[in-house]
Amino acid sequence: MVHIRRWAGIATALLATELLVAGTAAHAAAPTPDPARASVEQAVTAKLLGQARAAGEAHAEAADTRITVTRKSGRWAFGTAVAVTSHEEDIHPTGAIFIAHAEAGGWQVSFDGEAEFGELAAESPLVGKQEKEVFTRTPGTMYAGGDYRTGMALPFAVGQTWTLTSGPHGWGGYETPYSSIDLAGGDEVVRAARAGTAYTMCRGWIRVIHDRGYSTDYYHLWSSISVNGAAVGQGAYLGYTGTDVTCGGAAYGRHVHFGLRQNSAYVPIAGHGLGKWVFENGASAYQGGARHGSTWRGAGSAIYNYGALGFNQAVVDANGGGSLTKRSGPGTGYAVLGSVGDGATVTVSCSANGTSHTGRYGTTSLWNRLSDGTWVSDAYLWTGVNGPISGWC
């Protein structure tokens, strides 16, 4: 394992390395540098800080980075890169898992979530079989296309109740997108929200890369696992809630700072389903809360982990409590065949158009055929998808 820290004093070296990584035309006539003589740490640092500057992150110019090469063989390198922050409120470190390959023009560096990352992972002898399956899998429809399904539970044991100490806010605090929430209480054991491959970004910070392009971050942990690409199942132990700020930021009172990413960036947690709750933003950062059926829990409230919602399942939202009528066909003209309670989980077999109804999230004529053969209006279900989730009947 190679562990190196770089500071702002290497600005000149970083500039030169950025040119190597970018392959600028201005140096096309210059002799091709020998990649074996170039520093992979400098190349990774240049890319990390370049992205931080482009994103306008406050700590971008501090240039305090920790590049950890956890695997290296020949012209390949793999590891983690973290831009460390000061110990202030409303700021957190940022980082990435990287793959680097030495080529004629220098090091080709790619971060987790980028398209090139999967391509390099497929070629790299440093990447294990389990990792390749996750890294090279092309994500399906993403949240920007109307698909908010994650297949994730909340980051603690299913069946436990914790406190949502802070509603949606940025990974670093008040900045957008509001990708993160804070949770505390219960048995204080932080667990993987979904299966994937896990990495230690720095002490107290674990990242798990999942399918569908998602990854999740867990920060402030005490006794966190030390892991380098190991497969973890949903509910696997990651650490305890804590106040660790090894890589920067501040924490008052033990908790887990949980962040949602898709592809190479933090994404809004609002609208996404976690533990069968749908998160919603508030008037400002740290406010907001989550909804399960018609039940609302704001910041500071208790939240129960119902487990992951299946990709062909839905949560009944009767838009005010009570129950939802089940019918023999897709419309109110069909016979009543019972009801299902608000907050219940149902499995959807297929969908069809029928009579139009208005629920919490709008008006639709879509009806869903449940696994027991009955039909309910999609207006009163949260599926995470704008449209059918199991195809048309």
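From a predicted model like this one, the values you see are computed outputs, not experimental measurements. Quick note: residue numbers are just sequence positions, from 1.
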### Query
Should R194 and D211 be marked as a side chain to side chain contact (heavy atoms under 4.5 Å, CB included) after you check the CA-CA gap, both sets of side-chain angles, and the distance that decides it?
CA-CA 9 Å; R194 183 166 174 80; D211 54 3; 2.9 Å; yes
[X] side-chain N/O to [Y] backbone N/O, donor-acceptor pair under 3.5 Å:
{"X": "K132", "Y": "A122", "answer": "yes"}
{"X": "R207", "Y": "G95", "answer": "yes"}
{"X": "S39", "Y": "E41", "answer": "yes"}
{"X": "H272", "Y": "F279", "answer": "no"}
{"X": "E175", "Y": "G173", "answer": "yes"}
{"X": "S224", "Y": "G204", "answer": "yes"}
{"X": "S328", "Y": "A335", "answer": "yes"}
{"X": "R297", "Y": "A290", "answer": "no"}
{"X": "R191", "Y": "G235", "answer": "yes"}
{"X": "T200", "Y": "V227", "answer": "yes"}

#### Entry: F111 atom CZ, over 12 foreign heavy atoms within 6.0 Å
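Yes - once you tally the heavy atoms of other residues, nucleotides and ligands closer than 6.0 Å, there are more than 12.
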### Message
Tell me whether the count of non-hydrogen atoms from other residues, nucleotides or ligands lying under 6.0 Å of CZ in R203 goes above 12.
### Response
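Check fails, neighbour count at 12 or below.
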Does the side chain of [Y] come within less than 4.5 Å of [X]'s, by heavy atoms?
{"X": "D244", "Y": "L221", "answer": "no"}
{"X": "L366", "Y": "W392", "answer": "yes"}
{"X": "V385", "Y": "D147", "answer": "yes"}
{"X": "V82", "Y": "T94", "answer": "no"}
{"X": "S390", "Y": "R369", "answer": "no"}
{"X": "V208", "Y": "L238", "answer": "yes"}
{"X": "V44", "Y": "W107", "answer": "no"}
{"X": "T246", "Y": "R66", "answer": "yes"}

### Message
Would R71 pass as a cation-pi partner of F78, given that its NZ or CZ must be under 6.0 Å from the six-membered ring centre and within 45 degrees of the axis?
### Response
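Judged by the rule, R71 and F78 form a cation-pi pair.
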### Stepwise side chain to side chain contact (heavy atoms under 4.5 Å, CB included) check, D317 with S294
CA-CA 5 Å; D317 183 347; S294 296; 3.1 Å; yes
Distance from [X] atom [atom1] to [Y] atom [atom2], nearest 0.5 Å?
{"X": "E123", "Y": "I99", "atom1": "CD", "atom2": "CD1", "result": "9.5 Å"}
{"X": "T197", "Y": "N228", "atom1": "OG1", "atom2": "CG", "result": "10.0 Å"}
{"X": "L126", "Y": "K72", "atom1": "CG", "atom2": "NZ", "result": "10.5 Å"}
{"X": "E114", "Y": "F98", "atom1": "CD", "atom2": "CZ", "result": "13.0 Å"}
{"X": "D187", "Y": "T241", "atom1": "CG", "atom2": "OG1", "result": "8.5 Å"}
{"X": "M201", "Y": "Y219", "atom1": "CE", "atom2": "OH", "result": "11.0 Å"}

### Task
Determine the sole option in Y306, Y240, W162, Y237 for which the ring pair (Phe, Tyr, Trp, His ring centres under 6.0 Å) test with F156 is passed.
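Answer to the ring pair (Phe, Tyr, Trp, His ring centres under 6.0 Å) test with F156 among Y306, Y240, W162, Y237: W162.
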### Query
Which of these passes ring pair (Phe, Tyr, Trp, His ring centres under 6.0 Å) with W171: Y218, F258, Y266?
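Result: among Y218, F258, Y266, Y266 is the only option passing the ring pair (Phe, Tyr, Trp, His ring centres under 6.0 Å) with W171.
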### Message
Apply side chain to side chain contact (heavy atoms under 4.5 Å, CB included) to residues E188 and W222 and explain how you reach the verdict.
### Response
CA-CA 10 Å; E188 300 176 335; W222 285 342; over 6 Å; no
### Task
Please assess I303 against L183 for the test side chain to side chain contact (heavy atoms under 4.5 Å, CB included), listing each intermediate value before the final yes or no.
CA-CA 9 Å; I303 187 169; L183 295 157; 4.0 Å; yes
Connected via hydrophobic side-chain network under 4.5 Å: [X] and [Y]:
{"X": "V315", "Y": "L370", "answer": "no"}
{"X": "V278", "Y": "V316", "answer": "no"}
{"X": "L274", "Y": "F311", "answer": "no"}
{"X": "Y286", "Y": "L164", "answer": "no"}
{"X": "W375", "Y": "L381", "answer": "no"}

Do you know which two heavy atoms are closest between [X] and [Y], and how far apart they sit?
{"X": "L154", "Y": "Y304", "value": "CD1-O, 4.0 Å"}
{"X": "P93", "Y": "G248", "value": "CD-O, 3.9 Å"}
{"X": "T345", "Y": "K276", "value": "OG1-NZ, 2.9 Å"}
{"X": "D90", "Y": "Y174", "value": "OD2-CE1, 3.3 Å"}
{"X": "V232", "Y": "A198", "value": "CG1-CB, 3.9 Å"}
{"X": "S351", "Y": "N368", "value": "OG-OD1, 2.6 Å"}

#### Entry: Ring centres under 6.0 angstrom apart (H220, H92)
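Yes; H92 has its ring centre under 6.0 Å from that of H220.
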### Between W205 and H257, ring centroids under 6.0 Å
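Ring-ring flag for W205/H257: false, centres at least 6.0 Å apart.
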### Task
Check T325, L337, V336, V340 against T374 for a side chain to side chain contact (heavy atoms under 4.5 Å, CB included) and give me the one that passes.
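Testing each of T325, L337, V336, V340 against T374, the sole residue satisfying side chain to side chain contact (heavy atoms under 4.5 Å, CB included) is L337.
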### Task
Step by step, work out the side-chain hydrogen bond (donor to acceptor under 3.5 Å, both in side chains) result for S124 and H101.
CA-CA 8 Å; S124 176; H101 183 228; over 6 Å; no
### Task
Among residues two or more places apart or on two chains, list those pairs meeting ring pair (Phe, Tyr, Trp, His ring centres under 6.0 Å) that have a residue in residues 178-197.
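Ring pair (Phe, Tyr, Trp, His ring centres under 6.0 Å) check on residues 178-197 returns no pairs.
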### Residues D372, K326: salt bridge by 4.0 Å N-O rule
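Judged by the 4.0 Å cut-off on N to carboxylate O distance, D372 and K326 do form a salt bridge.
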### Query
Any chance the side chains of S365 and S356 put a donor and an acceptor closer than 3.5 Å?
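Checked: S365/S356 side chains show no N/O donor-acceptor pair below 3.5 Å.
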### Message
For a quick check under 3.5 Å, do D182 and S166 share a side-chain donor-acceptor pair by atom type?
### Response
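Present: a donor and an acceptor within the cut-off.
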### Query
Any idea how H292 and W277 line up, ring-wise: parallel (<30°), tilted (30 to 60°), or perpendicular (>60°)?
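Tilted: the ring planes of H292 and W277 meet at 30° to 60°.
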### Task
Begin with the C-alpha distance, continue with both residues' side-chain angles, and end with the deciding distance and a verdict on side-chain hydrogen bond (donor to acceptor under 3.5 Å, both in side chains) for D378 and T364.
CA-CA 7 Å; D378 190 71; T364 181; 4.8 Å; no
